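Since the structure comes first, as structure tokens, the remarks are kept for the end.
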Amino acid sequence: MRDRRNLRSPRPALPLRRFAYRVPWSVDRSTAPHYRLVNTGGDVLTGVSVSVAGHSELRVSAPTSVSPGEWVRASLSGSDLARDTILVVRWFPPDGREYLWQVSF
């Protein structure tokens with residue numbers, strides 16, 4: 001068995017945040033069941049992905065990076081979105097931390 005005591009993470013640990021991180025997304029629900037997830041922050045967000053938890057089907061046009069003011073379009077279909085569906089948005093801001101945000105209907 002190999003000695004694992006000297007293994008280190010390939011990336012240095014990120015410094016702790018002193019303040020809360022404001023979620024840089026807003027949801028435009030005006031054309032439901034087609035939703036726009038708008039980047040309302042000031043940074044380009046990378047590694048953007050959208051998934052769904054529940055009994056609905058998701059169609060999404062998710063670019064891998066979203067600049068301020070741009071959006072991701074997500075279309076959902078299901079019998080009762082408010083009861084059994086959560087949209088999960090994942091992204092990385094410039095500091096490289098991973099974030100997840102849940103959207104309920």
Side-chain angles (χ1 to χ4, degrees):
M1 181 173 215
R2 294 177 23 191
D3 182 10
R4 296 178 188 239
R5 290 176 286 168
N6 295 324
L7 294 179
R8 286 185 238 156
S9 173
R11 294 188 340 186
L14 294 169
L16 295 175
R17 281 197 185 268
R18 297 186 138 213
F19 303 101
Y21 174 69
R22 177 173 286 196
V23 173
W25 298 103
S26 68
V27 180
D28 177 357
R29 300 168 187 260
S30 63
T31 58
H34 309 289
Y35 302 91
R36 287 189 329 157
L37 303 164
V38 183
N39 178 355
T40 56
D43 296 320
V44 174
L45 306 175
T46 59
V48 176
S49 65
V50 180
S51 58
V52 67
H55 294 90
S56 297
E57 290 185 30
L58 170 68
R59 289 181 309 281
V60 65
S61 63
T64 57
S65 65
V66 181
S67 297
E70 292 182 344
W71 64 84
V72 174
R73 182 182 162 135
S75 297
L76 291 163
S77 58
S79 60
D80 194 352
L81 298 179
R83 284 188 170 258
D84 68 6
T85 301
I86 295 175
L87 199 67
V88 179
V89 184
R90 174 184 177 253
W91 74 95
F92 295 88
D95 70 5
R97 295 173 194 264
E98 177 184 29
Y99 288 93
L100 299 171
W101 183 52
Q102 295 181 356
V103 179
S104 298
F105 300 93

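Because the structure is predicted, anything quoted here is derived from the model rather than measured. All residue numbers refer to positions in the sequence shown, counting from 1.
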| Any donor-acceptor N/O pair, Thr40 side chain to Pro24 backbone, under 3.5 Å | yes

| Closest non-hydrogen atom pair between Val48 and Leu45, with its separation | CG2-O, 3.6 Å

| query | More than 12 foreign heavy atoms under 6.0 Å from CH2 of Trp25: is that the case here? | reply | yes

| What residues, two or more places apart in sequence or in another chain, satisfy side chain to side chain donor-acceptor pair (under 3.5 Å) together with Arg59? | none

| Does Val103 share a hydrophobic cluster with Val60, counting links as ILVMFWY side-chain heavy atoms below 4.5 Å and allowing steps through other members? | yes

| Looking at OG of Ser61 and CH2 of Trp71, how far apart are the two atoms once the value is rounded to the nearest 0.5 Å? | 10.0 Å

| task | Enter the distance from Phe92:CZ to Ser65:OG here, rounded to the nearest 0.5 Å. | result | 13.0 Å

| task | Would you name the heavy atoms of Arg83 and Asp80 that are closest together and state the gap between them? | result | CD-OD2, 2.7 Å

| query | Is there a donor-acceptor contact under 3.5 Å from the side chain of Asn39 to the main chain of Gly41? | reply | yes

| When hydrophobic residues are tied together by side-chain contacts of less than 4.5 Å, even through go-betweens, does Val52 share a cluster with Val88? | no

| query | Should Val44 and Val23 be regarded as members of a common hydrophobic cluster, given that ILVMFWY residues are connected when their side-chain heavy atoms come within less than 4.5 Å of each other, either directly or indirectly? | reply | no

| Heavy-atom side-chain contact between Leu37 and Leu87 under 4.5 Å | yes

| request: Is it possible for you to say whether Trp91 and Leu58 belong to one hydrophobic cluster, with membership spreading through side-chain heavy-atom contacts below 4.5 Å? | output: yes

| note | In this structure, OG of Ser56 is separated from CD1 of Ile86 (nearest 0.5 Å) by 10.5 Å

| task | Determine, using the 4.5 Å side-chain heavy-atom cutoff (strictly less than), whether Val27 and Tyr21 are members of one ILVMFWY cluster. | result | yes

| query | Quick one: CZ on Arg90 to CD on Glu98, what's the gap to the nearest 0.5 Å? | reply | 4.5 Å

| said: With a sphere of 6.0 Å drawn around NE2 of His55, does it hold more than 12 non-hydrogen atoms of other residues, nucleotides or ligands? | reply: no

